[in-house]
Amino acid sequence: MTSPDVLDSYAPVVAEWYSANARDLPWRRAGTTPWGVLVSEVMLQQTPVVRVAPAWHEWLARWPTPAALAADQPGEAIRAWGRLGYPRRALRLHECAVAITERHGGVVPSVLDELLALPGVGTYTARAVAAFAYGQRHPVVDTNVRRVAARAVLGEPDAGPTTTAADLTLVESLLPLEPPLAALVSAALMELGAVVCVARTPRCGVCPLAERCRWLISGAPAPVGPTRRPQTYAGTDRQVRGKLLAVLRESHGPVAKDALDAVWGDQVQRERALAGLLEDGLVVTPAPGIYALP
DNA sequence: TATACGTGGTG
DNA sequence: TCACCAAGTAT
């Protein structure tokens with residue numbers, strides 16, 4: 001257990017550090033709309049900042065409002081998604097735009113439960129939008145924040161694999177009472193995890209929390225067990241799906257089956273991947289043997 | 001709770 | 001080289 005006094009000491013230190021060290025990211029600039037924030041948050045789900053920035057500018061220039069995106073075809077969103085990965089996010093963002101236009105008069109909702117009800121918006125993204133677009137006080141817990149909290153507060157080498165209720169409670173206890181300041185601290189915790197308290201080789205020498213980091217103070221012990229993860233992308237259905245969708249993305253119109261057949265040798269796996277794309281609504285088949293983006 | 005879901009950079 | 005990692009969500 002950590003005393004309230006100690007928990008209260010993190011926020012001002014992190015806030016001050018952030019004020020002097022925050023990266024100048026496009027979606028953080030004054031004038032960014034809640035829609036711009038939402039688009040950035042979805043794009044940043046599992047995709048690094050450097051790859052998101054150009055796509056974000058293109059999207060916001062082309063679809064400055066939810067209504068603008070909702071009026072376009074979902075396939076255009078998928079095409080404009082480019083190579084950000086996990087293209088179902090583009091589809092969900094389009095569904096989001098439709099929902100916001102139909103249910104919320106074209107205004108990105110500010111109420112947490114209403115944000116959570118949007119397609120593709122989960123625990124993290126809903127709180128991020130509420131905090132960063134609307135200045136509300138919510139724990140915004142992503143992989144960076146969980147790592148910072150695990151190390152600095154709990155003294156553990158790393159965080160667990162997924163966000164738990166305990167994570168939200170812990171981070172909430174670190175936030176100052178005043179909503180706009182709490183939102184700033186939330187951004188600061190994420191930034192610290194993204195550029196200083198990084199996963200592989202943390203830069204403890206420049207960390208503002210070094211003197212109160214329980215993990216560092218205890219000697220920065222390495223993680224214990226073999227943290228296995230089922231990875232390896234080559235040869236997976238995901239890779240095949242990616243290749244199939246790339247053909248459709250780069251085509252201006254529908255393509256014949258032959259064009260898709262050319263991207264992967266194993267017919268069984270290829271058909272399975274294509275069936276999955278159809279199932280997910282990422283691909284449609286307007287006529288037998290013809291495929292297109294929705 | 002475990003698994004599926006893209007893509008590219010890096011130590 | 002290759003396993004790990006990057007602002008998660010849905011099922």
**Sugar-phosphate, base or nothing in reach of A/V50, heavy atoms under 4.0 Å** = nothing

**Prompt:** Once you round it to whole Å, what is the distance between P of B/dT10 and CZ of A/R200?
**Reply:** 11 Å

**Request:** Could you verify whether a donor N or O on one side chain and an acceptor N or O on the other, from A/R89 and A/T47, lie under 3.5 Å apart?
**Result:** yes

Can you list, pair by pair, the side-chain donor-acceptor contacts under 3.5 Å of residues 171-190 of chain A, counting residues two or more places apart and other chains?
| residue | atom | partner | partner atom | Å |
| --- | --- | --- | --- | --- |
| A/E172 | OE2 | A/R137 | NH1 | 2.5 |
| A/E172 | OE2 | A/R137 | NH2 | 3.3 |
| A/S173 | OG | A/L170 | O | 2.5 |
| A/S186 | OG | A/A182 | O | 3.1 |

**Message:** Just to be sure I understand the rule, does A/A199 reach a base, reach only the sugar-phosphate, or reach nothing, if contact means heavy atoms closer than 4.0 Å?
**Reply:** sugar-phosphate

**Message:** Between C/dA7 and B/dA2, how many Å separate the two C1' atoms, rounded to a whole number?
**Reply:** 22 Å

**Item:** Atom CD of A/E250 with >12 non-hydrogen neighbours under 6.0 angstrom
**Value:** yes

**Request:** Round to the nearest Å and state the distance from A/Y124 atom OH to C/dA6 atom P.
**Result:** 13 Å

**Asked** How long is the line joining CG of A/L277 and P of B/dC5, in whole Å?
**Response** 9 Å

**Request:** Go through B/dG6, C/dC4, C/dG8 for me and flag the one nearest to the A/R238 side chain.
**Result:** B/dG6

**Prompt:** By side-chain hydrogen bond (donor to acceptor under 3.5 Å, both in side chains), which residues pair with A/D158, not counting sequence neighbours?
**Reply:** A/R151

**Message:** Keeping A/R146 on the side-chain end and A/A159 on the backbone end, is there a donor-acceptor pair under 3.5 Å?
**Reply:** no

**Request:** With a 4.0 Å heavy-atom cut-off, tell me which residues in residues 239-262 of chain A come close to DNA chain B, sorted by residue number.
**Result:** A/R241, A/G242, A/R249

**Request:** Using heavy atoms and a sub-4.0 Å distance, could you list which residues of residues 138-146 of chain A are near DNA chain C? By number, please.
**Result:** A/D142, A/T143, A/N144

**Message:** Under a plain distance cut-off of 3.5 Å, with no hydrogens placed, do A/Q269 and A/D237 share a side-chain donor-acceptor pair?
**Reply:** yes

**Asked** Would A/D280 and A/R241 count as a side-chain contact (heavy atoms from CB on, under 4.5 Å) if you check the C-alpha gap in whole Å, the side-chain angles of each, and the deciding distance to 0.1 Å?
**Response** CA-CA 11 Å; A/D280 292 345; A/R241 287 168 57 110; 2.8 Å; yes

**Message:** Does anything in residues 11-49 of chain A come within less than 4.0 Å of DNA chain B? Heavy atoms only, and list the residues if so.
**Reply:** A/Q46, A/T47

**Asked** What's the CG-P distance between A/D280 and B/dA4, to the nearest Å?
**Response** 14 Å

**Request:** Would you please name every residue forming a salt bridge (Lys or Arg N to Asp or Glu O under 4.0 Å) with A/K257, sequence neighbours left out?
**Result:** A/D261, A/E271

**Request:** Check whether any side-chain heavy atom of A/L38 lies under 4.5 Å from a side-chain heavy atom of A/I100, and answer yes or no.
**Result:** yes

**Item:** C/dT1 and B/dG6, which share atom name P, separated by this distance in whole Å
**Value:** 26 Å

**Item:** A/E156/A/W215 under side-chain hydrogen bond (donor to acceptor under 3.5 Å, both in side chains): CA gap, chis, key distance, verdict
**Value:** CA-CA 6 Å; A/E156 296 166 1; A/W215 177 63; over 6 Å; no

**Request:** Describe the nucleic acid contact of A/R147 in one word from base, sugar-phosphate, nothing, applying a heavy-atom distance below 4.0 Å.
**Result:** sugar-phosphate

**Request:** For DNA chain C, determine which residues of residues 163-195 of chain A have any heavy atom closer than 4.0 angstrom to one of its atoms, and list them numerically.
**Result:** A/M190, A/A194

**Prompt:** Please, what dot-bracket string fits DNA chain B when only Watson-Crick and G-U pairs with both distances under 3.5 Å count, crossing ones use [ ] and pairs to another strand use |?
**Reply:** .||||.|||||

**Message:** What residues from residues 77-92 of chain A pass a heavy-atom cutoff of under 4.0 Å to DNA chain C?
**Reply:** A/R92

**Asked** To the nearest Å, how far apart are A/L93 CG and C/dA10 P?
**Response** 12 Å

**Prompt:** Is the distance from OP1 or OP2 of B/dA2 to the nearest side-chain N or O of A/T162 less than 4.0 Å?
**Reply:** no

**Item:** A/H94 NE2 - C/dT9 P separation (whole Å)
**Value:** 21 Å

**Message:** With rounding to the nearest 0.5 angstrom, report the OG to CD distance, A/S110 to A/Q136.
**Reply:** 5.5 Å

**Message:** Do A/P294 and A/I78 have side chains that approach each other closer than 4.5 Å (heavy atoms only, starting at C-beta)?
**Reply:** yes

**Request:** Check whether any side-chain heavy atom of A/V108 lies under 4.5 Å from a side-chain heavy atom of A/L115, and answer yes or no.
**Result:** yes

**Request:** Pick the P atom in C/dC2 and in B/dC5, then give their distance to the nearest Å.
**Result:** 23 Å

**ring-ring contact (aromatic ring centres under 6.0 Å, His included) involving A/W59 - partner list, sequence neighbours excluded** = A/W63, A/W81

**Message:** Any side-chain to backbone donor/acceptor pair from A/R203 onto A/C197? Under 3.5 Å, distance only.
**Reply:** no

**Prompt:** Taking the same atom, C1', in B/dT1 and in C/dA6, what whole-Å distance lies between them?
**Reply:** 23 Å

**Fill in**
Across all chains, not counting sequence neighbours, the salt bridge (Lys or Arg N to Asp or Glu O under 4.0 Å) partners of A/D8 are none

**Message:** Can you list everything that forms a side chain to side chain contact (heavy atoms under 4.5 Å, CB included) with A/L278? Sequence neighbours excluded, please.
**Reply:** A/L274, A/V283, A/T285, A/Y291

**Side chain proximity check, A/E41 to A/R127, heavy atoms < 4.5 angstrom** = no

**Asked** Is a side-chain donor-acceptor pair under 3.5 Å present for A/Y18 with A/R23?
**Response** no

